[in-house]
Amino acid sequence: MAQSAKRIVLVSRPVGEPKASDFRVEDCAIPAPGEGQVLLRTIWLSLDPYMRGRMSDGPSYAAPVPIGGVMEGGTVSEVIASNNPGFAKGDIVLSRAGWQTHALSDGKGLAKIDPKLAPISTAVGVLGMPGMTAYTGLLDIGKPQAGETVVVAAASGAVGSAVGQIAKIKGARAVGIAGGKDKCDYVKKELGFDECLDHRDPNLAAKLKEACPKGIDVYFENVGGAVFEAVFPLLNAFARIPVCGLIAHYNDTEATAPKWASALMRNVLTKRLTIRGFIVSDFAARHGDFLRDMSQWVREGKVKHREFVTEGLDSAPAAFMGLLKGANFGKQLVRVGPDKA
């Protein structure tokens, strides 16, 4: 067992893109569990775009990470000491330990993971928050019907890749948008989307129109920016737009209404569009349905997934900054420690 622990804290609130100097790696003592507590050792840390919002102190759906506080994040951890009857040493749990090698928990919010069901890393990926975001956003808000066209941005990422594959399972046509030829090839050839377009292509709007001859019925929004502007004219009457993320705007320094806001609102009215933002916790009641369906689809090979792993807690800041620029290829994870201590 390691003799000391490590954590990464937020030093300053970034203006625009986060920088390495906004984070600090600290060495600290491994804490001892008190009454009712368990000591967790982090194995996997999930990095996700929402963390950019937690670094700012503007109004949001969740409290920001305090200056000097450990960066927020979902983790897969091993219980290495327990004073809690609900958990035994050696249990693998889904937790929110954040960017640190060790953490204490009173057991609330911990969920045991069965390592026999699937690789434990999937608990923060395709069988975890990103997978459930795709499942609930698409099925509960997007409601794709057989024969409809579903377009998803960031299609090679943890959420987008699952969205398109679920759309195909439901009999819809899936068109992805991703960054670069390698990602587009993967989305089309490996994941089975009908088409995938490069968002860097200067002719994106024209190519999207060609790829969606019957228009767009569901647009799963992960990105915003130029991708939304290409999608917007192709939206059919009664199109549904689940808004999951806006990664193109996370580093914006001021929030202003875009010049085409009035055109958007006119189309919301005339085309009777449904645009709904959501946070995965809105659909907590669907967790059982999600686990049942998604684990079966993964087992059957109907939903494939890819992981993009960096090694060691120290790699987290650079990996996170890369994530915001699309440097990752698949679900971004940090391997903080070995599967077993």
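Just so you know, these numbers use all the heavy atoms, side chains as well, and skip hydrogens, waters and symmetry mates. Computed from a predicted model, the values in this text were never measured in an experiment.
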Revision key, fill the gap. What one should report as the nearest heavy-atom pair of C212 and R173 is CA-NH1, 4.3 Å
Practice item. Answer yes if the side chains of R52 and S56 hold a donor-acceptor pair under 3.5 Å, and no otherwise. Key: yes
Point to revise | V175 and C196, any side-chain heavy atoms less than 4.5 Å apart | key: no
Review point. Do V298 and V76 sit in the same hydrophobic cluster, where Ile, Leu, Val, Met, Phe, Trp and Tyr count as joined when their side-chain heavy atoms come under 4.5 Å apart?
Key: no
**Study point:** Partner set under side-chain contact (heavy atoms from CB on, under 4.5 Å) for E210, not counting sequence neighbours
**Key:** none
Check your understanding: Quick one: does V152's side chain get under 4.5 Å of F193's, heavy atoms only?
Key -> yes
Review point. How about K214: does its NZ atom have over 12 heavy atoms from other parts shown lying under 6.0 Å from it?
Key: no
**Study point:** Exercise: identify the closest heavy-atom pair between A162 and M294
**Key:** CB-CE, 4.0 Å
Check your understanding: What residues, two or more places apart in sequence or in another chain, satisfy ring-ring contact (aromatic ring centres under 6.0 Å, His included) together with F23?
Key -> W99
Check your understanding: E300: what forms a side-chain hydrogen bond (donor to acceptor under 3.5 Å, both in side chains) with it, not counting sequence neighbours?
Key -> Q296, K302
Review point. Are M321 and V65 joined in one hydrophobic group, where the rule is that I, L, V, M, F, W and Y side chains link up if heavy atoms are under 4.5 Å apart?
Key: no
Check your understanding: Sequence neighbours excluded, which residues qualify as salt bridge (Lys or Arg N to Asp or Glu O under 4.0 Å) partners of K6?
Key -> D314
**Study point:** Residues which pass side-chain contact (heavy atoms from CB on, under 4.5 Å) with D293, listed by chain and number, not counting sequence neighbours
**Key:** Y135, W297
Review point. So do the side chains of L47 and M51 get within less than 4.5 Å of each other, counting heavy atoms only?
Key: yes
Review point. Under 4.5 Å between any side-chain heavy atoms of K170 and L139, yes or no?
Key: yes
Revision key, fill the gap. Scanning both residues in full, the closest heavy-atom pair of V159 with P130 reads CG2-O, 3.7 Å
Study note, to complete from the structure: dist I177:CD1 -> L204:CG (nearest 0.5 Å) comes out at 5.5 Å
Review point. Going by atom types only, do D48 and S46 share a side-chain donor-acceptor pair under 3.5 Å?
Key: yes
Exercise for review: Not counting sequence neighbours, which residues clear side-chain contact (heavy atoms from CB on, under 4.5 Å) with K143? List them please.
Suggested key: Q145
Check your understanding: So, E148 and R240, do they make that salt bridge, N to O below 4.0 Å?
Key -> yes
Point to revise | Hphob cluster co-occupancy, V309 + L324, side-chain heavy atoms under 4.5 angstrom | key: no
Check your understanding: Does a side-chain N-to-carboxylate-O contact under 4.0 Å join R335 and D339?
Key -> yes
Practice item. Indicate, with yes or no, if L191 and V150 share a hydrophobic cluster defined by side-chain heavy-atom contacts under 4.5 Å among Ile, Leu, Val, Met, Phe, Trp and Tyr. Key: yes
Check your understanding: Do side-chain atoms of N84 reach the backbone of G36 as a donor and acceptor pair under 3.5 angstrom?
Key -> yes
Review point. Is K19 salt-bridged to E17, cutoff N-O under 4.0 Å?
Key: no
**Study point:** Inter-residue atom distance T133.OG1 - F290.CZ, 0.5 Å rounding
**Key:** 8.5 Å
Exercise for review: Please round to the nearest 0.5 Å and tell me the distance separating atom OG of S156 and atom CG of D182.
Suggested key: 10.0 Å
Review point. Under 4.0 Å between a Lys/Arg side-chain N and an Asp/Glu carboxylate O for D194 and K168?
Key: yes
**Study point:** Qualifying residues under side-chain hydrogen bond (donor to acceptor under 3.5 Å, both in side chains), relative to T122, sequence neighbours excluded
**Key:** none
Check your understanding: Can you list the residues that meet the side-chain contact (heavy atoms from CB on, under 4.5 Å) rule with D201, with sequence neighbours excluded?
Key -> D198, N203, K207
Practice item. Using atom types as modelled and distance alone, determine if a side-chain donor or acceptor of N222 lies under 3.5 Å from a backbone N or O of A153. Key: yes
Review point. Side chains of S95 and S77: do they bring a donor and an acceptor to under 3.5 Å?
Key: yes
Exercise for review: Examine I113 and V126 and state if one hydrophobic cluster contains both, with Ile, Leu, Val, Met, Phe, Trp and Tyr joined whenever side-chain heavy atoms are less than 4.5 Å apart.
Suggested key: no
Exercise for review: For S121 and E307, test the side chains for any donor-to-acceptor distance below 3.5 angstrom and give the result as yes or no.
Suggested key: yes
Study note, to complete from the structure: Between G98 and V70 the two heavy atoms that sit nearest each other are C-CG1, 4.4 Å
Point to revise | Backbone N/O of P338 and side chain of R41: donor-acceptor pair under 3.5 Å | key: yes
**Study point:** Residues V9, R7; criterion side-chain contact (heavy atoms from CB on, under 4.5 Å); working and verdict
**Key:** CA-CA 6 Å; V9 301; R7 61 190 175 210; 4.2 Å; yes
Check your understanding: Between atom CD1 of I92 and atom CD of E78, what is the distance when rounded to the nearest 0.5 Å?
Key -> 5.0 Å
Exercise for review: Could you walk me through whether R24 and I8 pass the side-chain contact (heavy atoms from CB on, under 4.5 Å) test, one step at a time?
Suggested key: CA-CA 5 Å; R24 181 173 64 237; I8 297 180; over 6 Å; no
Check your understanding: Will you find, in the side chains of T101 and T42, an N or O donor that is under 3.5 Å from an N or O acceptor?
Key -> no
Exercise for review: Report the hydrophobic cluster partners of V11, with the cluster defined as I, L, V, M, F, W, Y residues connected by side-chain heavy atoms closer than 4.5 angstrom, directly or transitively.
Suggested key: none
Exercise for review: Over all heavy atoms of both residues, which pair between K271 and F232 is shortest? Give the atoms and the distance, please.
Suggested key: NZ-O, 4.0 Å
Point to revise | Members sharing L117's hydrophobic cluster (side chains within less than 4.5 Å) | key: none
Check your understanding: Under the 4.5 Å side-chain heavy-atom rule for ILVMFWY, direct or indirect, which residues accompany V93?
Key -> V38, L40, V79, F87, L110
Check your understanding: So L104 and L39, side-chain contact (heavy atoms from CB on, under 4.5 Å) or not? Walk me through it.
Key -> CA-CA 5 Å; L104 291 176; L39 174 61; 4.0 Å; yes
**Study point:** ring-ring contact (aromatic ring centres under 6.0 Å, His included) involving F329 - partner list, sequence neighbours excluded
**Key:** Y186
Exercise for review: Using a 4.5 Å cut-off on heavy atoms from C-beta on, say whether the side chain of E221 contacts that of Y219.
Suggested key: yes
Review point. Is L333 close to V124 at the side-chain level, that is, under 4.5 Å between some pair of heavy atoms?
Key: yes
Point to revise | Interatomic spacing from CG in D22 to CZ in F320 - rounded to 0.5 Å | key: 10.0 Å
Check your understanding: Any side-chain heavy atom of S295 within less than 4.5 Å of one from L127?
Key -> yes
**Study point:** Side chains of L264 and I275 in contact at under 4.5 Å (non-hydrogen atoms)
**Key:** yes
Review point. Short question: side chain of N328, backbone of F308 - any donor-acceptor pair under 3.5 Å?
Key: no
Revision key, fill the gap. Residues S4 and H102: closest non-hydrogen pair is O-CE1, 4.3 Å
Point to revise | Check against side-chain contact (heavy atoms from CB on, under 4.5 Å), V243 and F278 | key: CA-CA 6 Å; V243 181; F278 74 102; 5.8 Å; no
Check your understanding: Around K89, counting heavy atoms of other residues, nucleotides and ligands shown, do more than 12 lie under 6.0 Å from its NZ?
Key -> no
**Study point:** Reported CG-to-CZ distance for the pair N236 and R272, which is rounded to 0.5 angstrom
**Key:** 11.5 Å
